[in-house]
Trainee: 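Provided herewith is a single structure, encoded as structure tokens, for subsequent inquiry.
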Amino acid sequence: MFAKKLLHKATKHHHHHHLQQQQQNLKGCLTPDDLDFRIAVHYGIPSTASILAFDPIQRVLAIGTLDGRIKVIGGDNIEGLLISPKQIPFKYLEFLSNKGFLVSISNDNDIQVWNLENRSVASSMQWSSTITSFSVIYGSFFMYVGDDNGLMSVLKHEEDGELLLLPYHLSAKSFTAESSFPDRQTVVGVLHQPCSSGNRVLIAYESGLIILWDIFEAQVVVVRGDKVLELKDGVVDCSGQPEHDLEEKEITALCWASSNGTVVAVGYIDGDIMFWKTSTTGSGKKQKTASSNNNVVRLQLSSAKRKLPVIVLHWSANTKSQNDGDGQLFVYGGDEIGSEEVLTVLSLEWSPGMETLRCVGRAEISLIGSFADMSLLPSAINNHGADLLVLTSPGHLQIVNHKNLSALTTEHEKRITLSSLDCPVVVPTLNPVLSAAKLISLVGSENTSKFLLEIATNVKVNATQKLAEGSWPISGGIVHQFTSPDGYVIETIYVAGYMDGSVRIWDATSPVLSVLCVIGGMKDVEVSGSTSPVSELNLCSSTSQLAVGSQLGLIRVYNLNSSPNETDRHIVTGIKQEVHKQPQGGGPACIASFHLLDSPVQALQYIDHGAKLAAAHECGRVAVLDMNSFSVSFLTESLPNLSSPVISMAWKSFLYDGGRVKSPKDAGPKSLDKNLEKLMFVSTKDAKLYVFDGNNRMINSKPTQLKKDTTAISMHIIEGSSTSSVEQKESTQLTKDVAAGNEPTSEIDQHKTEHINSGHNAMDSLILLCCNDALCLYRLKSVVQGNEKPLLKVKLEKHCCWTSTFRKDEKSFGLVLLYQTGELEIRSLPDLELVKVTSLMSVLRWSYKANMQRTMCAAENGQIAMINGSEVALLSLLKSDDDLRVTESFPSLHDKVLAAAVEAVISSSHNQKKKQVETLSNY
């Protein structure tokens, strides 16, 4: 008895000693200097989107958010994301049109000028008071700023990047010396007058006062909106009586309502809209018009006593009319309180002489979500009107074509509802709902790249015909081409599966994703689950086959190298197999479908260079499918004592050569067909590891499992040579240790163990089991032998929900972890040492959302693809050896060639006008 206890103690001490020695040899090579978190690709509109800006020359759209981000969208799938250092909403956003700069003003009154070329802040200025109005003089570097102190200031952005505050200020006292004039009136609007070359500016005050000021002559041109003040001989006079019976009320919105700046539309807090004439012609005459005064016309959207404030006003000219005041007014607000939230479009016409105003058409646009902002997108073609873009919460864009808007005038005062279209998205995530995704490297897989490019060519030909009806008005930006189209090779693809059973594939080689093909569900044949949600995807680059698993257990196999002729489709249901002919439609052909179990497909893996496909189902059974005969090689029985679903599956191959085991990578082509043995590792949610051989036999009578109950989230097999020296020293002794522990093994187990222990080079792999509260690292051979003691275990302080491995080079491996707090952790492998910590919030301004990890995926090169609402982001973890190359690969958000061409045309036009003036002055 004493001898047995002593032997047990010695054996336990020996195990502990060997474990310590093995852990000391597990040294990772990944360092903080190897890492550089950056956004490689970003698509979609953030749910916090709140404000719009548009550059009509560059045809680029900017969308500001409540969390300090700016989304910039161009044409040809060009999208970029600017992130402000401050996580604060923007209240103003405007382009310096055709200059390559974007101006944003945050709620804390920080003015930032963004350089679109290098996607960074070029200059900034912190305003001392609250900015209450802002505008840019079109086509210039000058800006007007109004604040709550009643002060209007002028800023200029220098081309060298400096933001200057010019020594030009206007306060309320600038207009009159009378002490009765209020000194502190909030400036609610500053608009430069069209056709005045920036010489005149309209200043609106919260109390209702409107001043048209001539900057060069330094005098008031027109005063409107106040019931007491009027203009006499160019001076604001406070002693007069009100010219009309208009009560003083607060201004909430304003815009020019004529192309030449002779009429301004002003919205008020009580829901009224006033059209104020700013022309000085006949200002002193009293003419009877539609209103009680010749300088103003009142318009009301509703006759109700209590109306909503007018929040937004925009005006678009009628390009077919000879009258500068004819056009369409877009109004948000002004309707009866409690009415449906809509955007109102009014078609307005002035009588000759601008005496009366008539509404000739009214339409309402129903909103998908709460209104956030709107923008008019003038057509790049003259006399084609403007498209209407509406932003609603959360992050939804609706567009109304200018053709539909121009048709309003033919309705003759009928109140109609305009339909809008959803804006196109590069990567759909919500319509349809994305349910599974894979980021796959095609490096070294030229054939698959070639087949995908051929499919994409056919798709683009068909798409060109479908888009002939209308074009997307946002077309700016430049995509950089570094290789010729003839020699182009796809290096990375992003594959997404959807709830409707469809699959989309994008070329993700560069920061500009392009769709290669769209695969619909199997609707042409009656197969159970053919349009069920996609749960898993995998691609075999050797055979160019794509496997798609569904939540109802259906497995579809597509051939990317489809022939132009009709092909056979093998349908396997249980033990029944059918073959159907199918016409080739230009895209990938579905060559086989398997429906063996009514259980979600949790994992798919091609083995034997694509000759077989293994599919692990949630119920705990694994099917191995022959891809040559399209038959079932075998289907495992349910795992013993299965109490939780399968989460991961992995295969590893070994080649037996005279009692020695080596990796198939080290074998010659003739040896691959002989003595190839495979092991299948299956992990379940309750953190158990099962091992099967290639003949559907379980290696051990019981699985490897942790003593403490936990939840497993993933399993990874780590190939590496850093542990081979330890492996060679310990392999023989480890077998003796297992035997000393009285582990029951069958004859098959002993046979496997003998071969495994003799193959040091093939068995130096590690198995990493990632749980929500711990990371457990095992020797692969230990798992095969049934040893439950992990080589290394790291307890996690937070709840982990997703992990993935990546490789920097042949020696440096890493593990990335996502926690439910939104934190991202990078650990080195195989020692699991913490290398770097960041978060979704700091990188993307994202918060973790439940089940976000279900659509996350990663590539071996350190790229992670993830989704948040309608946003899709590809993060790059590793630092590039050529940062300049990375920067240059991004698409340009500013077209310098276009900008120079437009400036040349404008300069030539100005010179021509100058010559005409000089010629006329000589007569």
Side-chain angles (χ1 to χ4, degrees), residues 189 191 193-196 200 202 204 208-212 220-234 240-249 251 253-268 270-303 310 313-331 334 344-363 406 408-415:
L191 303 173
Q193 187 180 36
C195 304
S196 69
R200 291 181 176 182
L202 185 86
L209 175 64
I210 302 170
I211 298 289
L212 182 62
V220 176
V221 179
V222 169
V223 57
R224 295 286 185 264
D226 195 277
K227 65 179 184 179
V228 175
L229 301 180
E230 62 180 15
L231 185 65
K232 289 186 178 181
D233 300 325
Q241 296 298 317
E243 193 176 21
H244 48 79
D245 188 22
L246 287 175
E247 69 278 12
E248 182 178 301
K249 51 189 176 182
I251 293 177
L254 74 160
C255 69
W256 289 111
S258 63
S259 55
N260 59 3
T262 56
V263 178
V264 61
V266 181
Y268 294 89
D270 64 354
D272 282 356
I273 299 173
M274 300 287 191
F275 293 85
W276 294 95
K277 300 176 187 176
T278 59
S279 173
T280 56
T281 305
S283 60
K285 298 178 182 180
K286 305 265 182 154
Q287 298 177 355
K288 188 174 179 63
T289 65
S291 176
S292 58
N293 183 270
N294 67 312
N295 287 326
V296 65
V297 173
R298 185 200 302 263
L299 184 148
Q300 294 179 325
L301 297 183
S302 172
S303 59
V310 177
L313 285 176
H314 284 278
W315 183 83
S316 177
N318 183 350
T319 56
K320 297 180 181 180
S321 174
Q322 300 297 320
N323 194 329
D324 290 326
D326 291 354
Q328 290 181 321
L329 187 70
F330 300 83
V331 187
T344 304
V345 185
L346 304 174
S347 291
L348 305 174
E349 290 182 358
W350 287 90
S351 64
M354 303 285 286
E355 294 180 355
T356 59
L357 180 66
R358 189 166 69 99
C359 179
V360 297
R362 174 172 177 168
S406 61
L408 269 180
T409 55
T410 63
E411 297 297 326
H412 301 296
E413 301 183 5
K414 289 183 180 179
R415 188 167 177 171

Trainee: So which atom in Leu346 and which in Cys359 form the shortest heavy-atom distance, rounded to 0.1 Å?
Mentor: CD2-SG, 4.1 Å
Trainee: Looking only at heavy atoms, which two atoms of Gly334 and Leu301 are closest? And how far apart?
Mentor: O-CB, 3.6 Å
Trainee: Output all residues satisfying side chain to side chain donor-acceptor pair (under 3.5 Å) with Ser259, sequence neighbours left out; order by chain, then residue number.
Mentor: Asp324
Trainee: Does the side chain of Val263 come within less than 4.5 Å of Trp315's, by heavy atoms?
Mentor: no
Trainee: Compare every heavy atom of Met274 with every heavy atom of Tyr268, then report the nearest pair and how far apart it is.
Mentor: CE1-CG, 3.2 Å
Trainee: Testing the basics here: between Leu313 and Val266, what is the closest heavy-atom pair and its distance to 0.1 Å?
Mentor: CD1-C, 3.8 Å
Trainee: Are any of the side-chain heavy atoms of Arg224 and Val296 separated by less than 4.5 Å?
Mentor: no
Trainee: Does the side chain of Trp276 come within less than 4.5 Å of Leu212's, by heavy atoms?
Mentor: no
Trainee: Are Asn295 and Val222 close enough that some pair of their side-chain heavy atoms sits under 4.5 Å apart?
Mentor: no
Trainee: Which heavy atom of Gly261 sits nearest to which heavy atom of Trp256, and what is that distance?
Mentor: O-CZ3, 3.2 Å
Trainee: Using side-chain heavy atoms (C-beta onward) and a distance below 4.5 Å, is Leu202 in contact with Leu254?
Mentor: yes
Trainee: Contact between Thr278 and Ser258 at the side-chain level, heavy atoms closer than 4.5 Å - yes or no?
Mentor: no
Trainee: Counting C-beta onward and ignoring hydrogens, is there a side-chain heavy-atom pair between Glu349 and Asn323 closer than 4.5 Å?
Mentor: no
Trainee: Any sub-3.5 Å donor-acceptor pair from Ser196's side-chain atoms to Gln193's backbone N or O?
Mentor: yes
Trainee: Could I get the full list of side chain to side chain donor-acceptor pair (under 3.5 Å) partners for Ser302, not counting sequence neighbours?
Mentor: none
Trainee: Return the minimal non-hydrogen interatomic distance between Leu348 and Phe275, and the atom names on each side.
Mentor: CD1-CZ, 3.5 Å
Trainee: Please report the C-alpha distance between Thr262 and Trp350 in whole Å, then the side-chain angles of each, then the deciding distance to 0.1 Å, and finally whether the side chain to side chain contact (heavy atoms under 4.5 Å, CB included) criterion is met.
Mentor: CA-CA 12 Å; Thr262 56; Trp350 287 90; over 6 Å; no
Trainee: Would you indicate whether the side-chain heavy atoms of Ile273 and Leu329 approach each other to under 4.5 Å?
Mentor: yes
